[in-house]
Structures are given as structure tokens and as C-alpha cells.
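Okay, structure first, notes after.
Just so you know, residue 1 is the first one in the sequence shown, and it goes up from there.
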Amino acid sequence: MKDYWRALEERIDSPEFQAELRAEFPAGADQLDRGISRRSFVRLLGASMALAGIGGCFRRPREPILPYVHRPEDVTPGQPLHYATAMLLGGYATGLLVESHAGRPTKIEGNPDHPASLGAAGVFQQASLLELYDPHRARTITRRGRRANAAALARLLDPSAIARRAGARGHGLHLLLEPTSSPLIGRQLDRILERFPAAQIHWYAPLASRTQLDATAAAFGRALQPIYQPAAAEVIAVFEDDIFGAGPFHLRYAREFAGGRRLTAPGDSMNRLYVAEGRPTITGGIADHRLPSRPSRMPLLLPALLNRLRGSGASDPALTEPEQRWIEALARDLQAHRGAALVIAGEMLPPEAQALAHLATAALDGAGHVVRYIDPVLLPGATRPGLGSLVNAMQQGDIETLIVVDGNPVYTAPADIDFSAALTKVPNSVH
């Protein structure tokens, strides 16, 4: 039978280990060879350091440093300026504060006065700063790959020129935008349609989804935008949704949820989070009770939960034993906190499954307390994004001028839509 040693003390005094130790670390290996004098050693050491220093040296490009001829007002060298701005995420604005040094933005933080950020900034907001310094960013106006100027672009977009090319009513003028809730853009689009009533506006974003509005329409009879209130919830159940790691309001939701985990007095209680998901997420990582389950199982888990909340004690034969136990424990906890219980289903689930989550929250008297419903804030056409009708018109040659604002549909369009080939059939396009 072969012997195994369990600790170094059992092996350190063995002859085999001592032989290996002498072979790897022979005696006197840390002493200098007598053939090298102290002076020679110091000379070699200095030469090595000099060579290392030379390898790290380089000549900086010659750039003249000039003072302002007419210094801008409120600009003091060495003193940063702070600007309040907003960043769109999924069409919804997130308020930010940007620190700028000599006209160069250097730091982004959340605006504490904005309801969507509450002073926090996430990975999307921090990464947006790097776009300003991307070496591959567009630095000048180009036309068909060659450098152009603003005057040429102005001539192309002149309303009279568009009227000559696309018709007086703008039959051949199409615009493609990403979904937005900006009132300013809405007014600008209204002015364009006043000038060109026949122009068409299309909306597209690679991750845009209307399922949330379809779910509220199925649950309540009309499309509504849910605004969750994690600060008022004592028990939260999330099905296939990373509400604290992604989405337009994830910064606010995470801040409010974290507030419910703070204990300030001995009698305080913490909120509890149940998560059922098919992939690891930030929300699932902080859950008190997490159920790993395939997304295809969510349309089975949600009706089982709603039946339990409505008083049906029968077990659902479609669920596995672990799923059944998890649903039963969740239903008991939700019923014990009526009025402060919230059920959420992700936008990637079918609208019917999301509608069950809204009905479950309503059955727990949570509507108006842990979730508010408001009218959709995205511009009316932006709630139904898509590229199908636009690409068909491009392929048939019905578009004379196409203006693409934000986004990159050549890169983000689905594989079954050849946007790049269709774009070659448009005589005039602007991005």
C-alpha cells in the first residue's frame, strides 16, 4: 500500500527531501564567486541599471504650450468645472455630473438631485467617458470615405434641397433614431413633419423591447410604465430580471434596496429578496433565496405562484420538487407581508408571464405602494421599434434621403436583415 504524507513536517527530515533541497539550493549559492571583485560587481550593476533606464526613455512629441489669447469666462487654469448633464439608457435619462479640466471631461458621477441616479453612477455611465477619447472616433465630416466640411453637409440637409430630391411633402425622406423620451427631440420631429408631412420616422435599438408595455396592457387593459419602489417593499421576488445591475432605473432600485438592508436600531428588520433565474446576475448574487432555473420554466413558476396567492393549495404537477418548495416558501412570505410585497418579471419573458407578475403584486395589495404605474414616457413611435419596414423601403428604392441619428444599424441589425446592402440603394444617407 502506498504511503502519503499529510504535512510538511512528516517529509522535511527524510533523506529524499534533503537531497532534493541540496540540489535546488546548494550551500554557498548566495555568496559571490571570488573571481568577481566588489568593484566589478558594482560596475556591472550600474551598467544594468543604465540599460534598463535607457529602454524606458522616449522622446515626447513636440507640442507648443500656449496661453489663452482670450481666456473663456469662468475658466481658471488648474480649477475644474462641473457640468450637469444626462445620459440616455434604453431611451430614459440618467442625471450625471461631469468634472472637466481645461475643456476635457475627466470624471463622471451621478447627480444626487436626479431621481434616476440618486447620486450614483454605474458601469455604463463610467464607460461613456472613454468614448470621448476613443482613437477610432469620428473626428471630421466625411462623404463617401473622403473628407468633407460642414458647408457640404448643410447643403445636403437644406430643406429646399430635400424638397427637390424627396418631393415637396418629403415622400422620400426617412429618419432612423433610437428610442428616446426627450421632449426636445419630440418637438424637433414635430417641426420636421410640419415641413415634410409625408416623411417617415423609424425607431430601432438592438435591445429595445415593448413586452413590458404589452404586459401591462394585458393585465390592466392599457399600456402603462411600471415604476418599482424597492424602498417600500419588505419582500421582493424577481423572475429572470437583473433589476439591480441593468436597465434604465437600476441605479435607483439598487440604492433603495440597499437602504432596506441597513439596520439602525436593535428592532429593525431587513427586506428579503427571492430570485429565480437561468444565469448568474448581480441581482441573483445578492439574493437571500435563489432558484437556478431555465428561462423556459418561468412561465410555469409564475402561474403556480399566482395560484398559491389566490388560495389554491394544490401542488402543480408541472413543477419539480425543488421548484414546488421554493414557490410555497415564497408565497407564504409574500402573503405575510401584504401591501409590502413586490413581484417582478423580466422584459425578456413573454408578455403573458410578465402580466402574471403584475397581477400577483396587485393580489398582494402592492399597486400604489411598491409599484406605481404611469403613462409611457418614450415618444409615441419609439415604443414599437423595428427595421423591417425601413429595410423593405430601402430595397425597393423608395427612400431618397435617409438620416440616421445615434446607433449603428449596420453593426447592430439582426443577421437576417442585411442593412448594409440595403443602404447602398439609398442615393443620400447621413449618419
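The shortest side-chain heavy-atom distance between Ile403 and Leu173 falls under the 4.5 Å cut-off. Residues Thr180 and Tyr92 have side chains not in contact (no heavy-atom distance under 4.5 Å, counting atoms from C-beta outward). Within the 4.5 Å cutoff, the side chain of Leu176 has heavy atoms near those of the Tyr204 side chain. Contact check for Asp333 versus His337: side-chain heavy atoms found under the 4.5 Å cut-off. Inter-residue side-chain proximity for Tyr411 and Ser420 is flagged as unmet; no heavy-atom pair is nearer than 4.5 Å. Val371 has its side chain out of reach of Gln229: every pair of non-hydrogen atoms, C-beta onward, lies at least 4.5 Å apart. Inter-residue side-chain proximity for Leu273 and Val238 is flagged as met; some heavy-atom pair is nearer than 4.5 Å. With contacts defined as side-chain heavy-atom distances shorter than 4.5 Å, the pair Leu334/Leu305 qualifies.
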Show your working on side chain to side chain contact (heavy atoms under 4.5 Å, CB included) between Asn271 and Val235 and close with a plain yes or no. CA-CA 6 Å; Asn271 55 25; Val235 179; over 6 Å; no

Taking it one step at a time, do Met87 and Phe124 satisfy side chain to side chain contact (heavy atoms under 4.5 Å, CB included)? CA-CA 9 Å; Met87 172 186 172; Phe124 304 102; 4.2 Å; yes

Given the rule in the side chain to side chain contact (heavy atoms under 4.5 Å, CB included) test, do Glu347 and Asp241 qualify, once you have shown the distances and angles that lead to the verdict? CA-CA 7 Å; Glu347 292 188 17; Asp241 193 7; 5.9 Å; no

Would Asp406 and His431 satisfy side chain to side chain contact (heavy atoms under 4.5 Å, CB included), going step by step from the backbone distance to the final call? CA-CA 8 Å; Asp406 278 338; His431 174 261; over 6 Å; no

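Annotation: the span from Leu175 atom CG to Leu177 atom CG amounts to 6.0 Å, rounded to 0.5 Å. Annotation: the span from Leu423 atom CG to Gln395 atom CD amounts to 11.5 Å, rounded to 0.5 Å. Arg297 contributes atom CZ, which lies 12.5 Å from atom CZ of Phe239 (distance to the nearest 0.5 angstrom). For the atom pair CZ of Arg210 and CG of Leu378, the computed distance is 10.0 Å after rounding to the nearest 0.5 Å.
Heavy-atom neighbours of Arg195 CZ from other residues, nucleotides or ligands within 6.0 Å: above the threshold of 12. For OH of Tyr83, the number of neighbouring non-hydrogen atoms (other residues, nucleotides, ligands) closer than 6.0 Å is 12 at most. Around the CZ atom of Arg137, the shell of radius 6.0 Å holds more than 12 heavy atoms that belong to other residues, nucleotides or ligands. Around CG of Leu263, the count of heavy atoms belonging to other residues, nucleotides or ligands within 6.0 Å exceeds 12.
Using a 30° and 60° split on the angle between ring planes, Tyr274 and His289 fall in the parallel class, below 30°. The aromatic rings of His202 and His174 sit parallel, their planes meeting at an angle under 30°, below the 60° perpendicular limit. Using the six-membered ring where Trp is involved, Tyr228 and His358 have ring planes that are parallel, under 30° apart on the 30 and 60° scheme.
By the 4.0 Å N-to-carboxylate-O rule, Arg261 lies too far from Asp268 to be salt-bridged with it. With respect to the salt-bridge test (charged N to carboxylate O, under 4.0 angstrom), the residues Arg338 and Asp365 qualify. For Asp242 and Arg279, the salt-bridge test fails: no basic side-chain N is under 4.0 Å from an acidic carboxylate O.
Between the Gln335 side chain and the Arg332 main chain, no donor and acceptor come within less than 3.5 Å of each other. Listed for the Thr216 side chain is no donor-acceptor partner under 3.5 Å among the backbone atoms of Ala223. Side-chain N or O atoms of Thr281 include none that pairs as donor or acceptor with a backbone N or O of Glu277 at under 3.5 Å. In this structure, Thr412 contributes its side chain and Pro206 its backbone to no donor-acceptor pair below 3.5 Å. Of the possible polar contacts, none joining the Glu178 side chain to the Gly91 backbone as a donor-acceptor pair under 3.5 Å is found. No donor-acceptor pair under 3.5 Å is formed between the side chain of Ser429 and the backbone N or O of Val426. Here the side chain of Arg143 pairs no donor or acceptor atom with the backbone of Arg147 at under 3.5 angstrom. With hydrogens and angles ignored, the 3.5 Å screen pairs no side-chain donor or acceptor of Thr142 with any backbone N or O of Gly145. Looking at His114, its side chain never comes within 3.5 Å of a backbone N or O of Asn111 through a donor-acceptor pair. No donor-acceptor pair closer than 3.5 Å links the side chain of Thr76 to the backbone N or O of Gln79.
For the 3.5 Å distance criterion, the side chains of Gln225 and Asp375 fail to qualify, holding no donor opposite an acceptor. Side-chain contact of Gln125 with Glu109: a donor-acceptor pair under 3.5 Å is absent, judged by distance alone.
Between Pro409 and Val404, the shortest heavy-atom distance links the atoms CD-CG1, 4.0 Å. Contact record, Gln354 with Thr211: NE2-OG1, 3.0 Å, taken as the closest heavy-atom pair. For the pair Pro295 and Leu349, the tightest heavy-atom approach, listed with the atom from each and the gap, is O-CD2, 4.1 Å. Minimum heavy-atom separation, Leu301 to Ser293: CD1-OG, 4.2 Å. For Ser117 against Gly95, the heavy-atom pair with the smallest separation is OG-O, 3.1 Å. Residue Ile141 comes nearest to Asn149 through the heavy atom pair CD1-C, 3.8 Å, listed as atom of the first residue, atom of the second, then distance.
For Pro292, the side chain to side chain contact (heavy atoms under 4.5 Å, CB included) test picks out Arg290, with sequence neighbours left out.
When His82, Glu99, His101 are each tested for a side-chain contact (heavy atoms from CB on, under 4.5 Å) with Lys107, only one passes: Glu99.
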